[in-house]
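This report refers to the structure that appears directly beneath it.
These numbers were taken from a predicted model, which means no experiment stands behind them. Numbered from 1 within each chain, the chains take letters A, B, ... in sequence-line order.
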Protein chains: 2
Amino acid sequence: MGNKKTAHHHGDLRATLVKAGVELIRELGPDALSIRKVAAKAGVSHAAPAHHFPTLAHLRTAIVAYGHEQFAQHMRDEMDAEPDKDPRAILLAAGRGYMKFVIGNAALYQLMFGGSQKLYEDEVLQVSASKSRAVLEQITAPMVVGKAGSKGNQLLVWSIFHGFAGIVLNDNSAELDIESAPEYLESIFPDFPMNS
Amino acid sequence: MGNKKTAHHHGDLRATLVKAGVELIRELGPDALSIRKVAAKAGVSHAAPAHHFPTLAHLRTAIVAYGHEQFAQHMRDEMDAEPDKDPRAILLAAGRGYMKFVIGNAALYQLMFGGSQKLYEDEVLQVSASKSRAVLEQITAPMVVGKAGSKGNQLLVWSIFHGFAGIVLNDNSAELDIESAPEYLESIFPDFPMNS
DNA sequence: CCAAGTATGTTGACACTGTCTAGTTCGCAT
DNA sequence: ATGCGAACTAGACAGTGTCAACATACTTGG
C-alpha cells in the first residue's frame, strides 16, 4: 500500500501523461506536443487524456508547471553547491543553474517561457511558478535598491537571464555555443552594487 | 503602369499573403497562423500559397522577415526623434522604440522571437534581421568594452530588451502594464559606462 | 456484502490542419 | 500564333483537438 499505482484503470495516468509530454517535446520539440501522441506514448486511447486535461492547453500548463519545479531546483542546486557565499557569487550561481536547465531542457524551457498558450489561472502552475520566483527574490535581495525599487532589480536580473537564454536558443545570428552559455552569461553579467 | 498589381492571375499574391498573415496573427495570435486561413483571407484557394511558400514554415519566415523590417524601423524612428544625442539617450530611445513595437505588434513579436520554427537560412530573413542587428551594434558602440568584448555588450543590451519584453508579454505574475513598458524599461536600465 | 453511482477509459465522429497530386487557366516569349 | 511554364483550383490523405455515446472498474452508502 501507499502505492498509488492502484488507481482506477491505468494508475496515475495524469502523471504518466505529463511525463510522456516532457519526453515528447524533448524528442520532437515544443510544437510537436499533441494529445494523441502523448496518449499513444502512455498506451491509452486518444480520448483518455480528456478526463485529466480537458484541452491541450491544460496539458501544456501541467507540463509547464512540472518544468517550473525542475527549473527552480536546478537553480537551488547550483546555489547550494557554490562554496563562495558572497551575494554576487550566489546570484551568478543561480544564473549558472538557470542556463544548465536551459541546456538540458531546451524544449521544455521554450514551452515555459515561449508564447504558447497557457492557463495562468491554474493553481498548480501558480504554486510551481512561485518557486522560481522565490529564487529570483532571494538572489536579488542583496542588491542595492535603485529608483525602480526591489521589483526593478528583480525585473532587471530576470530580464538578463531570460533574454540571454532566448538569444542562445533562438538567435542563430548570435552564433553562441549553447554549452558555454553558463560561463558566457557570467562574463557579461554587470557588476551590480550589493549590500554587505 | 508601374503598378505591380498586374502579375499573372492574382497580382502579387506573395505580398498579399504575408500581409494577410500579419493581420491574422494580430487578430487571433501567433499560433493561429494557418495556410488555409491566410489563403481564405487573400481570396484564393487553400493550395495557392504552396507556390509561393512550400510549407507553413516558409510563410512564417516571410512574416518574421517583414516583422524585422518594421521592428528596426520602430527603433530607428524613436532614435531619430530623440533630441538628446547623448549615447545613453540614443540607447534608451532604441529601447523605447523596441517596446513600442512590442506594444503595437505583440503577436508578431512573439512569432519573431518565440520558439516557433523558422528557416534561418532564408536570405530575405537574414537581410531583414541584419537591420535590427545593425541598430543593436550602433547603440552599443559607445559602451566601454569590458572583458567580454563589444559582442558581450551587444548581448547584454539585447538580453535586457528581449528579456524585459518577454516578461511583459508572457509573465503574468510580473503584473506589468504593457502600456507603461517603455518608461519602465528606462527606469530599470543600468547606468552602463559610455565613452565620450 | 451488494447495488448504485462516479471516475476512468474506449470508440467513433466532426471539422480543421498541412501537404501532395492532378488538372486548369492565363500570360509571355519564341 | 502557338507552345510552354507559372499561377491557381479541386480533391485527397493523414493527422490534429474536441465532443458524444458507450463500457468498465473502483468506491462508497445501505
Subject >> First of B:His52 and A:Lys37 reached from the 5' end of DNA chain D, by closest nucleotide >> reply: B:His52
Subject >> Separation of atom CG in A:Leu59 from atom P in D:dG17, rounded to whole Å >> reply: 9 Å
Original post:
Contact class for B:Ser34 (heavy atom, under 4.0 Å): base, sugar-phosphate, or nothing?
Top reply: sugar-phosphate
**OP:** Tell me yes or no: between the side chains of B:Gln126 and B:Asp122, is some donor less than 3.5 Å from an acceptor?
**Re:** no
Subject >> Length of the line joining B:Lys41:NZ and C:dT17:P, which is rounded to integer Å >> reply: 13 Å
Original post:
Roughly how many Å is it from CG in A:Leu17 to C1' in C:dT8, rounded to a whole number?
Top reply: 12 Å
**OP:** Could you tell me whether the side chain of B:Arg96 and the main chain of B:Glu183 form a donor-acceptor pair under 3.5 Å?
**Re:** no
Subject >> Donor-acceptor under 3.5 Å (B:Ser130 side chain, B:Arg133 main chain) >> reply: no
Original post:
With a 3.5 Å cut-off and no angle check, do the side chains of A:His162 and A:Ser159 form a donor-acceptor pair?
Top reply: no
**OP:** Could you state the atom-to-atom distance from CZ of B:Arg60 to C1' of C:dT17 in whole Å?
**Re:** 13 Å
Subject >> Rounded distance in Å - CG (A:Asp31) to C1' (C:dG18) >> reply: 14 Å
**OP:** Please state how far atom CG in A:Asp12 lies from atom P in C:dG9, giving the value in whole angstrom units.
**Re:** 10 Å
Original post:
Rounding to a whole Å, what distance do you find between B:Arg14:CZ and D:dA6:P?
Top reply: 15 Å
Original post:
Atom CG of A:Leu13 to atom P of D:dC26: distance rounded to whole Å?
Top reply: 15 Å
Subject >> A:Phe113 ring center within less than 6.0 Å of A:Phe161 ring center >> reply: no
Review item, side-chain donor-acceptor pairs of residues 103-110 of chain B, under 3.5 Å, at least two apart:
residue: B:Asn105; atom: OD1; partner: B:Arg26; partner atom: NH2; Å: 3.1
residue: B:Asn105; atom: ND2; partner: B:Phe101; partner atom: O; Å: 3.1
residue: B:Tyr109; atom: OH; partner: B:Tyr98; partner atom: OH; Å: 2.6

Which pairs, protein N/O on one side and nucleotides 18-22 of chain D N/O on the other, fall under 3.5 Å?
residue: D:dT18; atom: OP2; partner: A:Leu56; partner atom: N; Å: 2.7
residue: D:dT18; atom: O4; partner: A:Arg36; partner atom: NH1; Å: 3.2

